[in-house]
Amino acid sequence: KRLRAGVRGPPGSGKGTVCESIARSFGLQHLSSGQILRESLAGGGARNRGGFSSPELQGLAPSLPLTTAPSCRDTRAGFPRTLGQAEALDRICELDLVISLNIPFETLKDRLSARWIHPPSGRVYNMDFNPPQVQGVDDLTGEPLVQNLDDKPEAVAARLRKYKDAAKPVMELYKSRGILHSFSGTETNKIWPYVYTLLSSKIPPLLSDEEN
């Protein structure tokens, strides 16, 4: 059975963590727009200020083949971000459901301000609840971690406001289609069981919630 799902949420809301759990539990292929863009940037692409990549780079996300996984199931994280991108995605494929992660902005400010990344891989660490084994370096490579300019406290509030403005029409579109499912909370591990229950009603899981 084919299922195409999108996972949406503000920066720092846990989209990547949720998508990894979905892929592991249900055998879906995870297409991460962030990872696609990082690979493009490594090849010489450009990025706008304020944490949002250029429309040209964002347009790469839906151009990937959607049925390369044996199960022909997919989940997309972070795309589409704007109504224009949602309409462009419709011309390639229609999403079966959209999962929205609603995290209080104060929580997101704290998360993002404590976030450090390993740029080559995109691995993310949080100094409060997911710190690296050795401060300042990646667990797997030993290479230095960096904090994005966009994650510095003074930039976080502007990013969140920009996301909210861009996301509203996209959310209204998917809500009008009856495919939007919203989950609220401050901790990803407490939101996950509800996401698991929703997806279990659509496709059979490969792993139980406890196994995952």
Rounded to the nearest 0.5 Å, what's the gap from CG on L28 to OG on S21? Could you check?
-> 12.0 Å

Gap between atom CG of L198 and atom CD1 of I203 - 0.5 Å precision = 10.0 Å

If every non-hydrogen atom of P11 is compared with every non-hydrogen atom of L160, which pair is closest and at what distance?
-> CD-CD2, 4.0 Å

Main-chain N/O of G9 paired to K15 side chain as donor or acceptor, under 3.5 Å | yes

Gap separating the CG atom of L97 from the CG atom of L3, nearest 0.5 angstrom = 5.0 Å

Single-linkage hydrophobic cluster, 4.5 Å side-chain cutoff, V156 and L145 together = no

With P169 via side chain to side chain contact (heavy atoms under 4.5 Å, CB included) - residues at least two apart | L83

Specify whether F26 and Y196 have parallel, tilted or perpendicular ring planes, treating 30° as the upper limit for parallel and 60° as the lower limit for perpendicular.
-> tilted

How would you list, by chain and number, every residue that makes a side chain to side chain donor-acceptor pair (under 3.5 Å) with N102, sequence neighbours excluded?
-> S100

Joint hydrophobic cluster, L140 plus V137, side-chain heavy atoms closer than 4.5 Å = no

Residues 97-115 vs salt bridge (Lys or Arg N to Asp or Glu O under 4.0 Å), sequence neighbours excluded, gives E106-K109, R115-D151

Can you list every pair that meets salt bridge (Lys or Arg N to Asp or Glu O under 4.0 Å) and has a residue in residues 134-145, with sequence neighbours left out?
-> R123-D138

Rounded to the nearest 0.5 Å, what separation is found between the CZ atom of R8 and the CG atom of L101?
-> 10.0 Å

Reported CD1-to-OG1 distance for the pair I22 and T17, which is rounded to 0.5 angstrom = 11.0 Å

What salt bridge (Lys or Arg N to Asp or Glu O under 4.0 Å) pairs are there with at least one residue in residues 180-195, not counting sequence neighbours?
-> E187-K190

Mind checking whether L199 and I191 sit in one hydrophobic cluster, side chains of I, L, V, M, F, W, Y counted as touching below 4.5 Å?
-> yes

Give the cluster check for I103 versus M127: same hydrophobic cluster or not, with ILVMFWY residues linked at side-chain heavy-atom distances below 4.5 Å.
-> no

Is it the case that one hydrophobic cluster holds both L149 and Y125, taking links as side-chain heavy atoms less than 4.5 Å apart, direct or via other members?
-> no

May I ask you to decide if D150's main-chain N or O and N148's side chain share a donor-acceptor pair within less than 3.5 Å?
-> no

Distance col, row M171:CE vs K164:NZ, nearest 0.5 angstrom, shows 12.0 Å

Given S13 and Y163, is the side chain to side chain contact (heavy atoms under 4.5 Å, CB included) satisfied, shown in steps?
-> CA-CA 12 Å; S13 59; Y163 168 84; over 6 Å; no

Scan for salt bridge (Lys or Arg N to Asp or Glu O under 4.0 Å) pairs involving residues 90-102, sequence neighbours excluded, and state none if there are none.
-> D90-R177

